[in-house]
S.K.: 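So that we are looking at the same thing, I have put the structure below in structure tokens.
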Amino acid sequence: MAAHRAATADLRSRYARLPAGHRVRLGKPTSNLFRFGGEADAAGRLDAGALDQVLTVDPESRTALVQGMTTYQRLVDATLGHGLMPMVVPQLKTITVGGAVAGLGIESSSFHRGLAHESVLEMEVLTGDGRLVTASADNEHSELFRALPNSYGTLGYAVSLRVALQPVCRYVALRHVRFDDAKACAQAIAEICAGGEHGGQPVDFCDGTVFSAGEQYLTLGRFSDDAPAGLAPNDYTGQRIFYRSIAERSEDLLTVRDYLWRWDTDWFWCSRALGAQHPVGRRLWPKRYRRSDVYRRLVALDRRYRVSGRIRGRMGLPPEEPVIQDIEVPVTRLAEFLDAFHTEIGITPLWLCPVRLADPAGWSLYPMDPTQLYVNVGFWSAVPLAPGQPMGTHNRRIERLVAELDGHKSLYSDSYYTEQEFWQNYNGPGYRAVKGVYDPDGRLPDLYDKCVGER
Ligand SMILES: Cc1cc2nc3c(=O)[nH]c(=O)nc-3n(C[C@H](O)[C@H](O)[C@H](O)COP(=O)(O)OP(=O)(O)OC[C@H]3O[C@@H](n4cnc5c(N)ncnc54)[C@H](O)[C@@H]3O)c2cc1C
């Protein structure tokens, strides 16, 4: 704790000394943002990478105290030794606990545990006006606590967080259940998430993979200390690829650790575009580099130097628009969303993840209805532009579709909203009120400027 206090004091004084007029940006070794426009101004960089440690794990109270830039990989390593894990572990190893609050985090336990930040009990925050405050749901900084989720570092930086943990078993036993149409899949999601069981067996985890309009699977996981008869634990960090196994087998068994990182090894399925799934490419690709942060770095380099865009141009292919988004719609509108998406955008596979807010009070900058079950849909690829279509055409269509279906869109990637639409969706009055208290001089950027302006 003494080292933490010293690191925090150091961060605070470096923040105070940042030159005026430069856009402040959090410096850390990894990022999972998919907006690359705001990375240029080095003078405003506030290096916080040293605040990356798990401070304590308390098995009695089932809580952990972590520094803000601690990755979930490090937190999981620390808690599994105590037979515990965070309530929601976002799938990518380098997502940090602070980043999952500021940018929202979701996983297959979210249908009963809510979003990742909903198991954060309190946070120590370096605010935009340079104070260090502790915010919780019921203290004098509760409005900051409620507004930090989806604030993307525009109100302040979480420097430590106390998070609730849950006990684990040795394995997660999986069932992959196929649905031939989206309506039946949505109906099953609603029933499974309401009852917490399927076919008489408990469901602790639920997510889904859409391979096409006629082929979608729900993957239902349950904690188990024993291997079910006939099943031995599988490992998808080698030559085999997890997402392909979903269509190939109806049951599977993973250790808890392998289950939590099942999507990281191949960045869901996105490693395919980088050649890491080709049998030869995979054998040559060092195992330690089969990780989402490595792929993300490669994509960032490609974006910076426009390598694939130039190659497409030379080959006479049309330009492509990156469509890298997570959205959620009420489960009752999921089939409508998927129908329109298959017809108009056409990316597959898609990831499905049911989520219901755990806290009935809700979260001010991401106004989901706590009484509703939503389904997050993730899609990460690029779509060709027809002649005359400007960049943003496909993302804009998705933004409108999501709004028509009473849904929301995460802001970790490109957004094209007008300022008016944006503030209607993300509670402009609520944001301005909290910004006025914790960053009255606008030392940190404004949420709209950051999330839309920096694409
Ligand atoms: C292809 C792709 C798939 C994704 N899939 C998922 C998914 O399945 N599940 C999921 O949960 N998430 C997913 N994400 C989103 C990811 O969780 C968010 O982008 C998250 O914010 C990243 O956290 P990070 O720690 O890497 O933060 P960074 O990328 O470093 O930062 C994200 C933002 O949060 C701010 N920030 C970071 N740390 C702090 C802090 N301590 N205090 C205040 N503000 C801070 C930064 O200023 C920045 O604006 C996905 C993202 C991508 C690109």
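Each residue takes its place number in the sequence, starting with 1. We count ligands from 1, going down the list as the structure has it; atoms in each ligand are counted the same way.
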S.K.: Please check if the distance between the ring centroids of Trp380 and Trp269 is under 6.0 Å.
M.R.: yes
S.K.: Please confirm whether Leu104 approaches ligand 1 to less than 4.0 Å, judged on its heavy atoms.
M.R.: yes
S.K.: Among all the protein's non-hydrogen atoms, which is closest to atom 33 (C) of ligand 1, and how far away is it?
M.R.: Tyr152 CD2, 3.7 Å
S.K.: Out of Phe268, Phe34, Trp285, which residue meets the ring-ring contact (aromatic ring centres under 6.0 Å, His included) rule with Tyr295?
M.R.: Trp285
S.K.: Is there side-chain contact between Tyr157 and Leu51, with at least one heavy-atom pair below 4.5 Å?
M.R.: no
S.K.: Dump the intermediate steps for side-chain contact (heavy atoms from CB on, under 4.5 Å) on Val203 and Phe111, then the final yes or no.
M.R.: CA-CA 10 Å; Val203 173; Phe111 76 92; 4.1 Å; yes
S.K.: Backbone or side chain, does any N or O of Trp351 fall under 3.5 Å from an N or O of ligand 1?
M.R.: no
S.K.: Tell me whether ligand 1 is touched by Met69 - counting only heavy atoms on the residue side and a distance under 4.0 Å.
M.R.: yes
S.K.: Using distance alone, determine whether Thr96 and ligand 1 share an N or O pair under 3.5 Å.
M.R.: yes
S.K.: Considering all heavy atoms of both residues, which atom of Ser212 and which atom of Gln216 are nearest to each other, and what is their separation?
M.R.: O-NE2, 4.0 Å
S.K.: Considering both backbone and side-chain atoms of Pro90, is one of its nitrogen or oxygen atoms within less than 3.5 Å of a nitrogen or oxygen in ligand 1?
M.R.: no
S.K.: Can you tell me which portion of Val101 lies within the under-4.0 Å heavy-atom range of ligand 1? Options are side chain, backbone, both, or neither.
M.R.: neither
S.K.: Looking only at protein heavy atoms, identify the closest one to atom 31 (O) of ligand 1 and say how far it is in Å.
M.R.: Leu33 CG, 4.1 Å
S.K.: With a 4.5 Å limit on heavy-atom distance, are the side chains of Val163 and Met87 in contact?
M.R.: no
S.K.: Less than 4.5 Å apart, side chain to side chain, heavy atoms only: is that true for Leu132 and Arg5?
M.R.: no
S.K.: Between ligand 1 and Ile324, is the shortest N or O to N or O distance under 3.5 Å?
M.R.: no
S.K.: Tell me the contacting part of Trp380 for ligand 1: side chain, backbone, both, or neither, using a 4.0 Å heavy-atom threshold, strictly below.
M.R.: side chain
S.K.: Within ligand 1, which atoms have a heavy atom of Phe268 less than 4.0 Å away?
M.R.: 8 (O)
S.K.: With nothing but distance in play, are any N or O atoms of Phe34 less than 3.5 Å from an N or O of ligand 1?
M.R.: no
S.K.: Between Tyr15 and Arg12, is there a cation-pi geometry (under 6.0 Å to ring centre, at most 45° from the normal)?
M.R.: no
S.K.: Step by step, work out the salt bridge (charged side-chain N to carboxylate O under 4.0 Å, His left out) result for Arg25 and Glu454.
M.R.: CA-CA 12 Å; Arg25 187 168 71 83; Glu454 290 185 354; over 6 Å; no
S.K.: What's the shortest distance from atom 11 (O) of ligand 1 to any protein heavy atom, and which residue and atom give it?
M.R.: Ile106 N, 2.7 Å
S.K.: Name the option, out of Tyr295, Phe379, Tyr412, Trp267, that contains the heavy atom nearest to atom 18 (C) of ligand 1.
M.R.: Tyr412
S.K.: Can you tell me which residue and heavy atom of the protein come closest to atom 47 (O) of ligand 1, and the distance to 0.1 Å?
M.R.: Lys450 NZ, 3.2 Å
S.K.: Using 30° and 60° as the class boundaries, would you call the ring planes of Phe205 and Phe223 parallel, tilted or perpendicular?
M.R.: perpendicular
S.K.: Contact between ligand 1 and Arg296 is defined here as a heavy atom of the residue under 4.0 Å from a ligand atom; is it met?
M.R.: no
S.K.: Go through ligand 1 atom by atom and flag the ones less than 4.0 Å from a non-hydrogen atom of Gly98.
M.R.: 38 (N), 39 (C), 40 (C), 41 (N)
S.K.: Determine, considering heavy atoms only, which of Gly27, Cys353, Ala158 sits nearest to atom 41 (N) of ligand 1.
M.R.: Ala158
S.K.: Among all protein heavy atoms, pick out the one at the shortest distance from atom 44 (N) of ligand 1; state its residue, atom name and that distance to 0.1 Å.
M.R.: Ala102 CB, 3.2 Å
S.K.: Does Gly156 come within less than 4.0 angstrom of ligand 1, counting non-hydrogen atoms of the residue?
M.R.: yes
S.K.: Could you point out which residue of Tyr236, Trp267, Trp351, Trp261 forms a ring-ring contact (aromatic ring centres under 6.0 Å, His included) with Phe242?
M.R.: Tyr236
S.K.: Got an N/O contact under 3.5 Å between Asn32 and ligand 1?
M.R.: yes
S.K.: Name the closest protein heavy atom to atom 4 (C) of ligand 1, giving the residue it belongs to and the distance to 0.1 Å.
M.R.: Leu92 CD1, 4.0 Å
S.K.: Is the closest side-chain heavy-atom distance between Met368 and Val355 below 4.5 Å?
M.R.: yes
S.K.: So if I count the atoms of ligand 1 from 1 in the order they appear, which ones are less than 4.0 Å from some heavy atom of Leu26?
M.R.: 36 (N), 37 (C), 38 (N), 39 (C), 45 (C)
S.K.: Could you tell me which atoms of ligand 1, counted from 1 in the order shown, lie closer than 4.0 angstrom to a heavy atom of Thr30?
M.R.: 30 (O)
S.K.: Specify whether His408 and Tyr374 have parallel, tilted or perpendicular ring planes, treating 30° as the upper limit for parallel and 60° as the lower limit for perpendicular.
M.R.: tilted
S.K.: With nothing but distance in play, are any N or O atoms of Lys28 less than 3.5 Å from an N or O of ligand 1?
M.R.: yes
S.K.: May I ask you to list the atoms of ligand 1 that are less than 4.0 angstrom from any heavy atom of Ser31?
M.R.: 26 (O), 28 (P), 29 (O), 30 (O)
S.K.: Between Met123, Lys93, His117, Gln91, flag the one that comes closest to atom 9 (N) of ligand 1 by a heavy atom.
M.R.: Gln91
S.K.: Before we go on, tell me: are the rings of Phe379 and Phe341 under 6.0 Å apart, centre to centre?
M.R.: yes
S.K.: Return the closest protein heavy atom for atom 20 (C) of ligand 1 as residue, atom name and distance.
M.R.: Gly99 O, 3.6 Å
S.K.: Ring centroid separation for Tyr259 and Tyr171, is it under 6.0 angstrom?
M.R.: no
S.K.: Of all the heavy-atom pairs spanning Arg282 and Ile241, show the shortest one and how long it is.
M.R.: CZ-CG1, 3.6 Å
S.K.: Could Asp77 and Lys93 be called an ion pair, given the rule that one side-chain N must be under 4.0 Å from one carboxylate O?
M.R.: no
S.K.: Regarding atom 17 (O) of ligand 1: of the candidates Ile95, Leu411, Asp207, Asp293, which has the closest heavy atom?
M.R.: Ile95
